[in-house]
Amino acid sequence: MTRPDVAAASGTVSGLRYRARPVTALRGALTVPGDKSISHRALMLAGIAEGSTRINGFLESEDCLATLHAMRALGVAIDRPQPQVVDVQGAGMHGLKGSPAPLDMVNAGTAMRLFAGLLAAQRFDSVLTGDASLMERPMERVATPLRAMGAVIETHSGRPPLRIRGGQRLHPVDYELPVASAQLKSAILLAALYAEGVTAVTEPAVTRDHSERMLRAFGADIAIQGRRVRLQGPAVLRGCRVEVPGDFSSAAFFIVAASLAAEGLLTIRNVGVNPTRTGLVEILRRMGAEIRLVNERSGGAEPVADLEIERRELRGIVVPHALVPLAIDEFPALFIAAACASGETLVTGAEELRVKESDRIAVMAEGLNTLGIHAEVLADGLRIRGGKMGGGRIDSHGDHRIAMAFAIASARASGALEIVDVANVATSFPGFVEIARQIGFDIESFVSS
Ligand code: S3P
């Protein structure tokens, strides 16, 4: 069934493909581009702050540029004086202006959900739309708590576009999230900046805390106690300097690749190692990986380190549920590690993977089966039996992390991989192929007719 608004949305199946030939050894050092979650948040908070903010290390990916363009459409002055540096002249808490045109979030679920919270509190109406993949993603989960704060938001049968009616007086809530989602927590906190009194959000499990750290750096009165966050509104944010570390979720592909095929030490420099993001390190260590965090330092509000990885033979494990939200974007890469491990790996409690940029449980199982790996689909995860991976043609279903996961599988696959529909890698990791080639991968991208 094709919804007319989805058919009209930006983004179709791209003709871009990867060809990844088998390699045996990876070596060297690399850096990955800036963190996607932090880049989105920095633009939004800077845009409503008083005064100016310089963002260093900004991720120039399609997702983050969608947020940048939307902030400009909302009247915020943004300069890009040099690559990865963004200067934002804050419009102040009440200085945003309505956009006559819908705001296009393209492929970015984070942008759509965070903007829902921010825009619910403004005086003007807004419409948020996106590409074909984003138009299929669940949005009632963000609309429901915002409505509890007095927001007026319509979804289309639970999905985008989001139609947000401005001019509402928001009030604080004490909200228990039914799903562990940093996007939902952040949307509520952004709306809470405009509500008079203390808003509290309790999560079922700890999720990434970038919003909390950054809100504090911009001067918000915020308190964190385990799974509960409280924010005092109304707030006045003050512009500051934001250092964006390398994205752990981009580094993840090379952490797995190096664990499978490093010759000597593979080093990844300047990576964000916020403990709410590094669940993959803990999971891989339990599988026998050798991953060291060195030069640990603080990069503004976030911890940063260099990672050193050596090759090890991995063994299958049962992944503890508490680690799932801390590794939520890393499962495509982890499933490749599991396919190369001895024995069985069991992931459950990960039903959120079904509503990411693709159904990552079904799509990863399909791809692994194509390569001769036994992967059994469960309602909330996968059971994978490690084995020998062959080559073949993989459909990424337009999901950037699926495309990159199978690209790095070429560190162990015995035959060439052709990965279809990979253009969306640009949503999170511009330059992925070049960086992969730098450490020894034989990956090329090409357009098929
Ligand atoms: C993100 C949170 C996660 C993650 C997404 C980025 C964020 O989503 O999958 O890529 O920046 O808050 P959920 O919080 O919905 O799990």
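Indexing begins at 1, ligand by ligand and atom by atom, following the structure's order.
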Can you tell me if Glu376 has over 12 outside heavy atoms packed within less than 6.0 Å of its CD? yes
Count the heavy atoms belonging to other residues, nucleotides or ligands that lie under 6.0 Å from CZ of Arg72, then report whether that count exceeds 12.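 Atom CZ in Arg72 is packed in, count exceeds 12.
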Among residues two or more places apart or on two chains, list those pairs meeting salt bridge (Lys or Arg N to Asp or Glu O under 4.0 Å) that have a residue in residues 231-249.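 Listed once each, the pairs are Arg241-Glu243, Asp247-Arg277.
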For ligand 1, what is the set of protein residues having any non-hydrogen atom at a distance below 4.0 Å?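 Shell around ligand 1 (4.0 Å, heavy atoms): Ser37, Arg41, Thr110, Ser181, Ala182, Gln183, Arg208, Ile328, Asp329, Lys356.
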Under the side chain to side chain donor-acceptor pair (under 3.5 Å) test, which residues partner Arg297, sequence neighbours left out? Asn270, Asp306
With sequence neighbours excluded, tell me which residues meet side chain to side chain donor-acceptor pair (under 3.5 Å) with Ser99.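 Side chain to side chain donor-acceptor pair (under 3.5 Å) check on Ser99 returns nothing, list empty.
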Do the ring planes of Phe441 and Phe254 sit parallel (below 30°), tilted (30 to 60°) or perpendicular (above 60°)? tilted
